[in-house]
Amino acid sequence: MKKIKNHIDELFKDIPRNNETEMVKQEIIQNLEEKVFYLMEHGKEEDDAINKAIVEFGDIEDLKNELGVQEPKNKNMAKLNLEFSVWGSSLIIALFLFINLYYTPNTIWAIYPIFAILWWPLSMYFVWSRKKWSKQ
């Protein structure tokens, strides 16, 4: 019956541990073991009976709702990504300007990589604005 316990432990891994969940878990294990013994009495092999009991148990979504487990919300990282891209590209642009003006002041070459770097915050702005407008 170790297979049943391992299966139930795997189903309950995302559910916070407290007295209520432990009691529900033990009750489920007990019910599944009783089902296995019943199936074995009616001619099933032990492995077949265990597998059938697990399959008939189904998923745990209804149980999660009953226990009040909330699915974690996805954080909106678009604004943070935009801020990071603005600061990061600003520092990289400042580095290119410094290198250009310090080592080759007569040749202005930094404009080309600066133009390429500006696409980073621009793309993050469009991601942020799309998420902002989709919520309204």
Side-chain angles (χ1 to χ4, degrees):
M1 299 303 167
K2 191 118 174 122
K3 186 175 180 181
I4 291 175
K5 184 176 182 334
N6 291 340
H7 179 72
I8 298 302
D9 287 341
E10 184 67 27
L11 289 177
F12 274 76
K13 72 178 180 185
D14 295 334
I15 297 176
R17 295 184 69 165
N18 57 33
N19 288 338
E20 183 183 8
T21 57
E22 289 300 318
M23 287 178 14
V24 169
K25 197 162 110 174
Q26 292 303 321
E27 185 177 334
I28 291 171
I29 290 171
Q30 183 180 3
N31 289 342
L32 287 176
E33 286 176 351
E34 289 175 4
K35 175 92 172 175
V36 168
F37 289 131
Y38 175 79
L39 291 171
M40 286 173 53
E41 286 176 359
H42 286 84
K44 290 272 188 190
E45 294 291 324
E46 183 177 2
D47 287 338
D48 292 338
I50 291 172
N51 290 334
K52 184 170 173 120
I54 288 174
V55 168
E56 287 179 359
F57 175 70
D59 64 349
I60 196 165
E61 294 304 318
D62 293 334
L63 194 58
K64 283 183 179 180
N65 292 338
E66 186 177 318
L67 292 173
V69 175
Q70 300 284 331
E71 292 294 325
K73 292 182 179 179
N74 292 335
K75 290 185 176 181
N76 186 1
M77 300 295 285
K79 186 175 181 183
L80 181 64
N81 291 343
L82 174 62
E83 292 171 2
F84 180 76
S85 67
V86 168
W87 283 104
S89 61
S90 299
L91 289 173
I92 294 170
I93 289 170
L95 176 68
F96 274 121
L97 286 174
F98 170 75
I99 292 171
N100 187 176
L101 295 176
Y102 187 77
Y103 289 108
T104 56
N106 296 332
T107 306
I108 306 294
W109 55 264
I111 192 72
Y112 301 112
I114 289 172
F115 181 73
I117 290 169
L118 287 176
W119 287 101
W120 179 25
L122 183 64
S123 65
M124 291 296 108
Y125 171 75
F126 284 120
V127 169
W128 172 74
S129 64
R130 184 177 61 210
K131 289 192 180 203
K132 179 182 170 187
W133 290 106
S134 69
K135 288 183 179 179
Q136 292 179 354

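Count residues from 1 along the sequence. No experiment lies behind these values; they were computed from the predicted model shown.
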**CA sep, side-chain torsions, deciding dist, call: L82, S85, side-chain contact (heavy atoms from CB on, under 4.5 Å)** = CA-CA 5 Å; L82 174 62; S85 67; 4.2 Å; yes
**Item:** Test side-chain contact (heavy atoms from CB on, under 4.5 Å) applied to V86 and E83, step by step
**Value:** CA-CA 5 Å; V86 168; E83 292 171 2; 5.8 Å; no
Kindly compute the distance separating [atom1] ([X]) from [atom2] ([Y]), expressed to the nearest 0.5 Å.
X	Y	atom1	atom2	answer
F57	I28	CZ	CD1	4.0 Å
K25	I8	NZ	CD1	9.0 Å
W128	K132	CH2	NZ	4.0 Å

Which atoms form the tightest heavy-atom contact between [X] and [Y], and what is the distance?
X	Y	result
V36	A53	CG2-CB, 3.8 Å
N81	M124	CB-SD, 3.7 Å
T104	W109	OG1-NE1, 2.7 Å

**Request:** Output, in order, the C-alpha distance, side-chain angles, deciding distance and verdict of side-chain contact (heavy atoms from CB on, under 4.5 Å) for L95 and I99.
**Result:** CA-CA 6 Å; L95 176 68; I99 292 171; 3.9 Å; yes
**Asked** Can you check whether A110's main-chain N or O pairs, donor with acceptor, with N100's side chain at less than 3.5 Å?
**Response** yes
**Request:** Report yes if some heavy atom in the side chain of E22 is under 4.5 Å from a heavy atom in the side chain of N18; otherwise report no.
**Result:** no
**Item:** Non-hydrogen side-chain atoms of I93 and L118 separated by less than 4.5 Å
**Value:** yes
**Item:** Audit row: I114, L97, side-chain contact (heavy atoms from CB on, under 4.5 Å) steps and yes/no
**Value:** CA-CA 9 Å; I114 289 172; L97 286 174; 3.7 Å; yes
**Complete:** Besides Y112, the hydrophobic cluster formed by Ile, Leu, Val, Met, Phe, Trp and Tyr side chains linked at under 4.5 Å, directly or via other members, contains I111
**Prompt:** Going through the distances and angles, do K13 and D9 end up as a salt bridge (Lys or Arg N to Asp or Glu O under 4.0 Å)?
**Reply:** CA-CA 6 Å; K13 72 178 180 185; D9 287 341; over 6 Å; no
**Sequence-distant partners of L91, side-chain contact (heavy atoms from CB on, under 4.5 Å), two or more places apart** = none
**Request:** Kindly state whether the ring of F84 and the ring of W120 have centres lying under 6.0 angstrom apart.
**Result:** yes
**Item:** Contact list for residues 30-50, test side-chain hydrogen bond (donor to acceptor under 3.5 Å, both in side chains), sequence neighbours left out
**Value:** K35-E56
